[in-house]
Colleague: 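Quick one: structure below, then a few questions.
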2 protein chains.
Amino acid sequence: MPKKRITSQDVANLAGVSRTTVSFVLNDVKGLNIPQPTRQKVHDAANKLGYIPNAAAQALASRRTRALGLVMTRSPHYISTDAFLPQIIAGLMDVVKERKLRLLIEYVEMAHQDRAYHELARAKHIDGMILLTPRIDDNALKKLEQVDIPTVIMGEIIGTNLYSVDIDNRLAAVKAVQYLLELGHRQIACILNAPPSYSSAAARVMGYKDALISAGIPPNEKLILYADFDPQSGYDRMKSLLASQQKFTAIFIASDNIAMGAYAALHEAGMRIPEDVSVIGFDDIPWAEYGNPPLTTVRLDAQELARKACFVLTDLLNGKEVSQKRQILDTELVIRQSCTSYKHSLKGGELLQKT
Amino acid sequence: MPKKRITSQDVANLAGVSRTTVSFVLNDVKGLNIPQPTRQKVHDAANKLGYIPNAAAQALASRRTRALGLVMTRSPHYISTDAFLPQIIAGLMDVVKERKLRLLIEYVEMAHQDRAYHELARAKHIDGMILLTPRIDDNALKKLEQVDIPTVIMGEIIGTNLYSVDIDNRLAAVKAVQYLLELGHRQIACILNAPPSYSSAAARVMGYKDALISAGIPPNEKLILYADFDPQSGYDRMKSLLASQQKFTAIFIASDNIAMGAYAALHEAGMRIPEDVSVIGFDDIPWAEYGNPPLTTVRLDAQELARKACFVLTDLLNGKEVSQKRQILDTELVIRQSCTSYKHSLKGGELLQKT
DNA sequence: TCGTGTTATTAACACGAGTTAACAGTCTAA
DNA sequence: TTAGACTGTTAACTCGTGTTAATAACACGA
């Protein structure tokens, strides 16, 4: 005899009430008063039978799936090297668990964006989505705004006022560069985390330049390079920077993942950190603490950011008003051992400044 | 006028057929022949209306959700530092996408395991699950085997013959240690990836010891330490190993993530790699290639492992017979620059062997 | 006894698909 | 001409729950 499915009808029978009452009791529906004895009977019956409501049926009837989607647009290659993903998932999981929701992970190919968002919304796989994409083409953006499913963006998409959660990339970059300036550096290079078409990269260069300008130093375009998310690209950019013969005593690398590659290139070239070059990173991934030397970096708490995004999204789903369309999380400069003051860097003869 | 939901009924009306026919055509049901013109009419109507089937309704009616679950049991802290997660997700996503399924991520607290698996199965959130847990208590294990939902384990759970996908941990460890032996090392320490109650750690020590024994070297328990997943624990263990004054010229660290911490401890102690100690890792996480020096390690292709697990699972779901209950993926020794032959290590005076 | 509220409970419909079994319609063979 | 086989199509039921509108049960004062 195969185990039979247990439905709310079974619970109702055992408790001696109707299925409707069972639904009312188990969902704790407000606005009607069911006496305690009845409630107890229902709960007892449910426990005894080990009743577990069927998710699909609930979703169909209630029009909510109780699932959130984490939607990514990066290709599998980048997903697999994304140092933040575990933190983001941990953060989301945390909130999702607490609010008795589930988490769906979805990957949308860039090319199919317009159709895909629509599809997700209409198929009702999820009640809301957290969009983890640094970039989106204009065409898809329009579609995205029309999609009738609550959306929170982690990061920034210029030209839209969808809900978003982010850090102040410009300000964070300013902090980093100011720290280098305070240490006495004047020739400061910069490797960005991504091509300039990505808003985070754009904001970080801006911060870099602003900080320099405030200090009376004209930015030198030859000292600015754009990497491409993964350590390999960091390694490559650092190589070409070294090959360019441009002088610099410090470098701001707008992603620890990329700094990892850059470290390797520096080591390979026989450069000492921080004696020959001071390096400051961005993100504070686990590696940063254990690098050689430990990397000074701007901490971005991805887990907290994800939690925040999830809070906003669930509030939206529950109909609560969310006051701010755009929420900004603080960043923090974590000082370790990859930077030193410019006096010390005089040891590195070849990088010696003339004046 | 709010956009109306488009149901299969609408498609049927527009195409001038019944809803049943629509279902048959769109699902490509075999065993009945519907003439091409009719099929075309249905497809045209569906396209014109932009029909997207409602997932919940499909799930309810068909009794399959077309979703797979990635189930983890590690606490959020460990999830956030899990270097493999992105690769696993990328691998799963790849297959899932191709087979038009979805991926659900679920975190089950150790304490609630027994109930949780049952619940997942009964609520029918998912059709099958990939269990990403290195450990499970006996109680939960029994429940797990009774759960009537196809399951594939990534890793090994001793004492069960559920489907699983894994590497040969023992053999991989043997490979690593043999490599050190070939280089002439005789005093080889070992830091495990996890406590010995985790099967992967147990298998790796076994391989470590077997390799030594085959070479006529009795394992020294004082050279064996157990870390705890994250870099911090690797740092700590390496510290205590160094403090123990035990002599060793090489070390096998059964996880790159832990090797990362160990590297830091070694650097801090002023030990040079590989001149003073040869280090060999396990996993080949992105960092390994960019460490200082680049880490020689045993490559574990987590992405491929995930793909494999996903293949097995989907085959099970489709009723295909899967010949092997346990599938083993090959590992590969990746030689970089963290190991050198014992002759060279003579430079490291304090670690000099007496004979 | 009869209204009149007030609770407590439920019958009945909705949700949007998949699927079985039966129905017309056409074609072949006797 | 008719029985039988085959084709294309669909009416009707199913999946398991949420929810509204109506009913039954009960207490109370007149």
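Quantities reported herein were computed from a predicted structural model and do not represent experimental measurements. First the proteins, then the strands, lettered A, B, ... as listed; each starts at 1.
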Colleague: Could you please name the partner base of D:dG29, counting Watson-Crick and G-U wobble pairs only when both distances are under 3.5 Å?
Modeller: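 Paired with C:dC2.
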Colleague: Are there over 12 heavy-atom neighbours, none belonging to A:Arg115, within less than 6.0 Å of that residue's CZ?
Modeller: no
Colleague: As a test of reading the structure: which of D:dT10, D:dT17, C:dG16 is closest to the side chain of B:Asn54, going by heavy atoms?
Modeller: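 It is C:dG16.
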Colleague: Ignoring the backbone of B:Ala57, work out which of C:dT20, C:dA17, D:dG16 is nearest its side chain.
Modeller: C:dA17
Colleague: Could you check how far CZ of A:Arg5 sits from P of D:dT17, rounded to whole Å?
Modeller: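 Whole-Å distance recorded here is 10 Å.
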Colleague: Ignoring the backbone of A:Arg19, work out which of C:dC13, C:dA17, C:dT9 is nearest its side chain.
Modeller: C:dC13
Colleague: In whole angstrom, what separates B:Leu60's CG from C:dG16's C1'?
Modeller: 9 Å
Colleague: In whole Å, I'd like the distance from the CZ atom of A:Arg122 to the P atom of C:dC15.
Modeller: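 It works out to 16 Å between those atoms.
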Colleague: So, is B:Thr21 near the phosphate of D:dT9, with a side-chain N or O under 4.0 Å from OP1 or OP2?
Modeller: no
Colleague: Output yes when at least one side-chain N/O atom of B:Tyr51 is less than 4.0 Å from OP1 or OP2 of C:dG16, else no.
Modeller: no
Colleague: Phosphate oxygens OP1/OP2 of C:dC15: is one of them under 4.0 Å from a side-chain N or O of A:Ser62?
Modeller: no
Colleague: Is the shortest side-chain N/O distance from A:Ser23 to OP1 or OP2 of D:dT17 below 4.0 Å?
Modeller: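 Answer no for this pair, as no side-chain N or O of A:Ser23 is under 4.0 Å from OP1 or OP2.
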Colleague: Just the rounded figure in Å: distance from C1' of C:dG16 to CG of B:Leu49.
Modeller: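 Rounded to the whole Å, the gap is 15 Å.
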Colleague: If you find the nucleotide of DNA chain C closest to B:Phe24 and the one closest to B:Ile52, which residue's nucleotide is nearer the 5' end?
Modeller: B:Ile52
Colleague: Taking only the side-chain nitrogens and oxygens of A:Asn27, find out if one of them lies under 4.0 Å from OP1 or OP2 of D:dG18.
Modeller: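 So the side-chain polar atoms of A:Asn27 do come within 4.0 Å of the phosphate oxygens OP1 or OP2 of D:dG18, strictly under.
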Colleague: Heavy atoms from C-beta onward define the side chain here; which of D:dC13, C:dT9, C:dT20 lies closest to that of A:Leu32?
Modeller: C:dT9
Colleague: Could you check whether any side-chain heavy atom of A:Val95 comes within less than 4.5 Å of a side-chain heavy atom of A:Phe311, counting everything from C-beta outward?
Modeller: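 They are in side-chain contact.
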Colleague: How would you label the contact of B:Val17 with the nucleic acid (heavy atoms, under 4.0 Å): base, sugar-phosphate, or nothing?
Modeller: sugar-phosphate
Colleague: Check the side chains of B:His43 and B:Arg39 for a donor-acceptor pair under 3.5 angstrom, ignoring hydrogens and angles.
Modeller: no
Colleague: Starting at NE2 of A:His125 and ending at P of C:dA17, how long is that distance when rounded to a whole Å?
Modeller: 11 Å
Colleague: Could you tell me the separation between the CG atom of A:Asp28 and the P atom of D:dG18, rounded to a whole number of Å?
Modeller: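 Atom CG in A:Asp28 sits about 13 Å away from atom P in D:dG18.
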Colleague: Check the surroundings of atom NZ in A:Lys325: do more than 12 heavy atoms from other residues, nucleotides or ligands lie under 6.0 Å from it?
Modeller: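 Yes.
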Colleague: Which listed nucleotide (D:dC15, C:dA8, C:dG18) is nearest to the side chain of A:Pro35?
Modeller: C:dA8
Colleague: Is any side-chain N or O of B:Thr20 closer than 4.0 Å to OP1 or OP2 of D:dT9?
Modeller: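 Checking D:dT9 against B:Thr20, no side-chain N or O comes under 4.0 Å of OP1 or OP2.
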Colleague: Less than 4.0 angstrom from a charged side-chain N to a carboxylate O is my criterion; do A:Arg102 and A:Asp127 meet it?
Modeller: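 No, no charged N to carboxylate O under 4.0 Å.
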Colleague: Rounded to whole Å, please give me the gap between CD1 in A:Ile34 and P in C:dT7.
Modeller: 14 Å
Colleague: Rounded to whole Å, please give me the gap between CG in B:Asn13 and C1' in C:dG16.
Modeller: 14 Å
Colleague: Using a cut-off of less than 4.0 Å, is there contact between a side-chain N or O of B:Ser18 and OP1 or OP2 of D:dT10?
Modeller: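 Checking D:dT10 against B:Ser18, a side-chain N or O does come within under 4.0 Å of OP1 or OP2.
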Colleague: Among B:Asp166, B:Val71, B:Ile88, find the residue that satisfies the side chain to side chain contact (heavy atoms under 4.5 Å, CB included) test when tested with B:Met154.
Modeller: B:Ile88
